[in-house]
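Reading through the structure tokens given below for one structure.
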Amino acid sequence: MGQVRVRFAPSPTGHLHVGGARTALFNYLLARQLQGVFVLRIEDTDMERSTEESVTVILESMEFLGLEWDEGPGKGGEFGPYFQSQRLDIYRKYADMLVKSGRAYECFCTPKELDEMRQAQKQRKEDLKYDGRCRHLTEEQRQEFIKQGKKSVLRFKAENEGVTVVNDLIKGKVTFDNHQLDDFVIIKSDGIPTYNFAVVIDDALMQISHVIRGEDHLSNTPKQIQIYKALDFNVPRFAHMPMILGPDKSLLSKRHGATSVTQFRDEGYLPSAMINYLALLGWSYDDAQTIFAKQELIDKFSLEKVSKNPAVFDIKKLQWMNGVYIRELEIDELYQMVLPHWQELEFLPKNPSNEQKERAKSILKSLQERIKLLSDLDDSAYYFFQDELRYNEKAVRKVLYKEGSLEILGYLLTELLAVKEFTQENLEPIFKQAQNKFERKLGDIMQPVRVAVTGTNVSPGIYDVLGLVGRAKSCQRIKNAMEMIKFHQKEV
RNA sequence: GCUCCCAUCGUCUAGUGGUCUAGGACACCGCCCUCUCACGGCGGAGACAGGGGUUCGACUCCCCUUGGGAGUACCA
């Protein structure tokens with residue numbers, strides 16, 4: 001067997017969807033495992049919907065996930081160009097070959113005529129397929145149509161006898177009755193090839209050995225195989241992976257929430273977690289392991305272990321896994337990841353001082369095991385950096401307005417202002433003393449302070465919070481809280 | 001309609017005729033740890049879609065039904 005060459009061929013009509021990302025991943029894993037080549041090809045033959053921005057976003061997404069391609073945009077390669085829009089003359093050449101060999105012919109049917117034909121077929125409950133009315137046009141008829149200015153497409157003359165077998169690496173042997181096939185269009189009236197034609201020419205010319213793609217392409221495969229054979233190309237190995245579904249079991253789409261890689265990136269998902277989760281969606285190694293580093297996936301991946309059934313995208317599990325990877329991060333890595341965003345939010349200045357850096361890292365350390373997404377930090381870290389507190393109403397009511405809170409806060413305020421060094425070691429005794437003095441549970445002492453200083457009843461350990469927020473700000477916030485309580489008591 | 005694919009806990013899955021009173025992970029519930037939350041630990045509930053075969057024996061093989069998904073374009 002020759003070298004393994006696989007490809008990912010997205011059409012730039014939007015963001016990179018997680019389904020596409022998983023297809024890219026499986027191709028990538030196989031290429032790396034077998035020292036093969038991973039080709040990225042842009043299928044931009046849909047002039048209406050393809051955009052430049054979309055290409056950029058897709059490349060960005062691939063890079064974010066760490067799925068480096070060996071040939072393709074920005075990389076070059078000896079089988080280029082890697083944009084289908086730049087390969088039009090190539091498709092034309094092979095289309096002409098098919099015409100010459102009698103395997104393709106011009107069709108002058110208008111969309112309206114075709115539509116009427118299908119309507120009629122529907123009424124008669126026949127199969128919906130092109131009836132081949134232009135298959136045997138005489139030269140005179142052809143000239144007449146051209147004289148009338150009618151546009152034509154090129155249709156492939158499909159073989160209707162026998163069967164076409166796809167030996168799919170995931171699905172197994174799949175047999176199609178050729179009787180099902182009709183003479184499908186390979187070149188549109190504007191001269192652009194259709195997907196089923198271009199994909200064959202490109203995969204053949206780019207010497208793709210394994211076509212790994214979504215199951216939505218399985219039904220198209222017999223058409224493509226016929227083209228391979230008509231052109232005397234080697235037929236590659238096929239592997240069709242199951243679709244990704246939403247919670248309602250319909251195809252995963254925007255309707256189900258985030259589906260694009262960039263969106264996940266912006267919400268604070270880590271590439272490592274995305275890769276790990278996507279790999280497990282439709283593939284498994286054994287009954288024990290769920291956490292896989294990329295290299296491990298490369299070593300252990302195999303198409304044979306890819307599941308045949310569609311998988312529901314479980315955002316909860318992805319979130320859990322993201323938490324796992326966040327916890328594994330070195331604090332410096334985590335800092336680097338959040339820095340740009342924190343600068344945007346003005347948590348940190350453009351050029352943070354060493355002191356600011358260290359403080360930020362301490363804050364991250366206290367929050368690291370409490371977050372699932374990097375974006376969780378927006379809410380759980382802001383009170384370390386911003387003066388204005390966003391009070392959680394429920395917490396205020398439950399904790400601050402609880403009987404005794406005012407006295408506890410008043411006592412603690414005095415002590416906190418008086419203590420020499422504002423450190424964890426010095427803070428702890430103060431709270432213990434308060435506990436004895438008021439004869440309350442430690443929690444009853446801590447919670448009012450927590451809400452006063454953070455605005456909520458959920459935060460890292462209170463000594464950490466106080467130390468990180470600092471004496472001045474902590475005490476000021478406690479005063480503010482006391483004012484709130486007094487005001488509330490007057491109201492009632 | 002026609003063609004193709006698929007079918008184990010709510011979800012992702014392990015399981016390739018006896019090892020299954022079906023294993024793991026997420027989610028869920030309870031307990032423990034504890035200043036809240038999280039982390040961690042322990043425990044619980046929870047599945048072989050249905051019906052026929054084949055076989056000494058079916059989650060595992062075959063058929064049918066049902067249910068889901070895909071394709072059937074001058075989209076990819």
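By convention in this document, chain letters (A, B, ...) are assigned in the order of the sequence lines, proteins followed by strands, and residues within each chain are numbered from 1.
Between the side chains of A/Asp464 and A/Ser366, not a single donor N or O lies within less than 3.5 Å of an accepting N or O. Using a 3.5 Å distance cut-off with no hydrogens or angles, the side chains of A/Gln226 and A/Glu159 do not pair a donor with an acceptor. Side-chain contact annotation: A/His17 with A/Ser253, donor-acceptor N/O pair under 3.5 Å absent.
Residue-level contact check: A/Gly282 touches the backbone only, with heavy atoms under 4.0 Å from sugar-phosphate atoms and none from bases. A/Pro460 comes within 4.0 angstrom of a nucleotide base, judged by non-hydrogen atoms across all strands. Residue contacts for A/Asp46: at a heavy-atom cut-off of 4.0 Å it reaches the sugar-phosphate backbone alone, with no base atom in range. Backbone-only engagement by A/Arg155 is indicated by non-hydrogen atom pairs under 4.0 Å involving sugar-phosphate atoms exclusively. Residue A/Ser380 is out of contact with every strand shown, counting any heavy-atom pair closer than 4.0 Å. Counting non-hydrogen atoms under 4.0 angstrom, A/Val185 reaches the backbone sugars and phosphates but no base. The residue A/Ser189 sits close to a base: some heavy atom pair falls under 4.0 Å.
The side chain of A/Asp127 approaches B/rC2 more closely than any other nucleotide in the set B/rU13, B/rC35, B/rC2. For A/Arg327, the side-chain atoms get nearest to B/rC39 when compared with the rest of B/rG23, B/rC35, B/rC39. Considering only the side chain of A/Asn309, B/rC6 comes nearest among B/rC6, B/rG40, B/rC74. Nearest to the side chain of A/Ala311, among B/rU13, B/rC39, B/rA14, sits B/rU13.
Regarding A/Ile462, its CD1 atom lies at a distance of 13 Å from the P atom of B/rC35, rounded to whole Å. The CZ-C1' distance, from A/Arg22 to B/rU13, rounds to 13 Å in whole Å. Rounding to whole angstrom units, CD1 of residue A/Ile445 and P of B/rU36 are separated by 13 Å. For the pair A/Asn322 CG and B/rC26 P, the interatomic distance rounds to 15 Å; values are reported in whole Å. Between the CD atom of A/Gln119 and the C1' atom of B/rG1 there is a distance of 13 Å, given to the nearest Å. The nearest whole Å value for the distance from the CG atom in A/Asp287 to the P atom in B/rA47 is 20 Å. Atoms CD1 (A/Ile187) and P (B/rA73) sit 18 Å apart, rounded to a whole Å. Following rounding to the nearest Å, A/Phe313 (CZ) and B/rU13 (P) show an atom-to-atom distance of 13 Å.
Annotation: B/rU19 and B/rU65 have their C1' atoms spaced 33 Å apart (nearest Å). To the nearest whole angstrom, the two P atoms, one in B/rA49 and one in B/rA7, are 10 Å apart. To the nearest whole angstrom, the two P atoms, one in B/rG30 and one in B/rG23, are 23 Å apart. With both ends at atom C1', the span from B/rU13 to B/rA22 equals 13 Å, rounded to whole Å. Rounded to a whole angstrom, the distance from the C1' atom of B/rU21 to that of B/rA47 is 15 Å. Nucleotides B/rG43 and B/rC4, compared at atom C1', are 46 Å apart to the nearest Å. Nucleotides B/rU36 and B/rG15, compared at atom C1', are 43 Å apart to the nearest Å. Comparing B/rA45 with B/rC6, their C1' atoms sit 29 Å apart, to the nearest whole Å.
Regarding contacts with the backbone of B/rC26, every side-chain N or O of A/Thr290 stays at 4.0 angstrom or more from both OP1 and OP2. Distances shorter than 4.0 Å separate none of the side-chain N or O atoms of A/Thr13 from OP1 or OP2 on B/rA76. Within the 4.0 Å cut-off from OP1 or OP2 of B/rC37, not a single side-chain nitrogen or oxygen of A/Arg450 is found. At the phosphate of B/rG15, OP1 or OP2 sits under 4.0 Å from a side-chain N or O atom of A/Lys305.
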Between protein and nucleic acid, restricted to nucleotides 69-72 of chain B and to nitrogen or oxygen atoms under 3.5 Å apart, what atom pairs and distances do you find?
| unit_1 | atom_1 | unit_2 | atom_2 | d |
| --- | --- | --- | --- | --- |
| B/rU72 | O2' | A/Leu128 | O | 3.3 |

For nucleotides 27-29 of chain B, give me every protein contact, N/O to N/O, under 3.5 Å, one pair per line with atom names.
none

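Remark on RNA chain B: of its neighbouring residues A/Gly461 and A/Leu318, the 5'-side contact belongs to A/Leu318, judged by nearest-heavy-atom nucleotide. Each of A/Leu281 and A/Tyr130 lies near RNA chain B, and the nucleotide nearest A/Leu281 is the one positioned closer to the 5' end.
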(Q) Show, in sequence, the C-alpha distance, side-chain angles and deciding distance for A/Arg7 and A/Asp203, and conclude whether the salt bridge (charged side-chain N to carboxylate O under 4.0 Å, His left out) test is met. (A) CA-CA 8 Å; A/Arg7 79 331 187 251; A/Asp203 284 341; 2.9 Å; yes
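Between A/Phe292 and A/Tyr277, the gap from one ring centroid to the other reaches at least 6.0 Å. Annotation: A/Tyr195 is in aromatic contact with A/His217 [ring centroid separation under 6.0 Å]. Aromatic ring centroids of A/Phe431 and A/Tyr463 lie under 6.0 Å apart.
Pair assignment for B/rC61 gives B/rG53, based on Watson-Crick or G-U wobble hydrogen-bonding distances that are each under 3.5 Å. B/rU16 is unpaired under the Watson-Crick or G-U wobble criterion, no partner having all donor-acceptor distances under 3.5 Å. Under the Watson-Crick and G-U wobble criteria, each requiring two contacts below 3.5 Å, nucleotide B/rC28 is paired to B/rG44. Both distances falling under 3.5 Å, in either a Watson-Crick or a G-U wobble arrangement, place B/rG67 opposite B/rC6. The pairing partner recorded for B/rA76 is none, the criterion being a Watson-Crick or G-U wobble arrangement whose two distances lie under 3.5 angstrom.
Between A/Phe301 and A/Trp283, the ring-plane angle classifies as tilted under the 30° and 60° cut-offs. By the 30° and 60° cut-offs, the orientation of the rings of A/Tyr228 relative to A/Phe238 is perpendicular.
Tested against A/Phe313, the residues A/Leu245, A/Thr259, A/Leu281 include a single side chain to side chain contact (heavy atoms under 4.5 Å, CB included) partner, A/Leu281.
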Under 3.5 Å, which donor-acceptor pairs do the side chains of residues 435-455 of chain A form with other protein atoms, sequence neighbours left out?
| unit_1 | atom_1 | unit_2 | atom_2 | d |
| --- | --- | --- | --- | --- |
| A/Gln447 | OE1 | A/Arg450 | NH1 | 2.6 |
| A/Arg450 | NE | A/Ser459 | OG | 2.8 |
| A/Arg450 | NH2 | A/Pro460 | O | 3.1 |
| A/Thr454 | OG1 | A/Arg450 | O | 2.7 |
| A/Thr454 | OG1 | A/Thr456 | N | 3.1 |
| A/Thr454 | OG1 | A/Thr456 | O | 2.8 |

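Cation-pi contact between A/Arg41 and A/Phe83: absent, since separation from the ring centre below 6.0 Å together with deviation from the ring axis within 45° is not met.
Not one N or O on the side chain of A/Asp115 forms a donor-acceptor pair closer than 3.5 Å with the backbone of A/Arg118.
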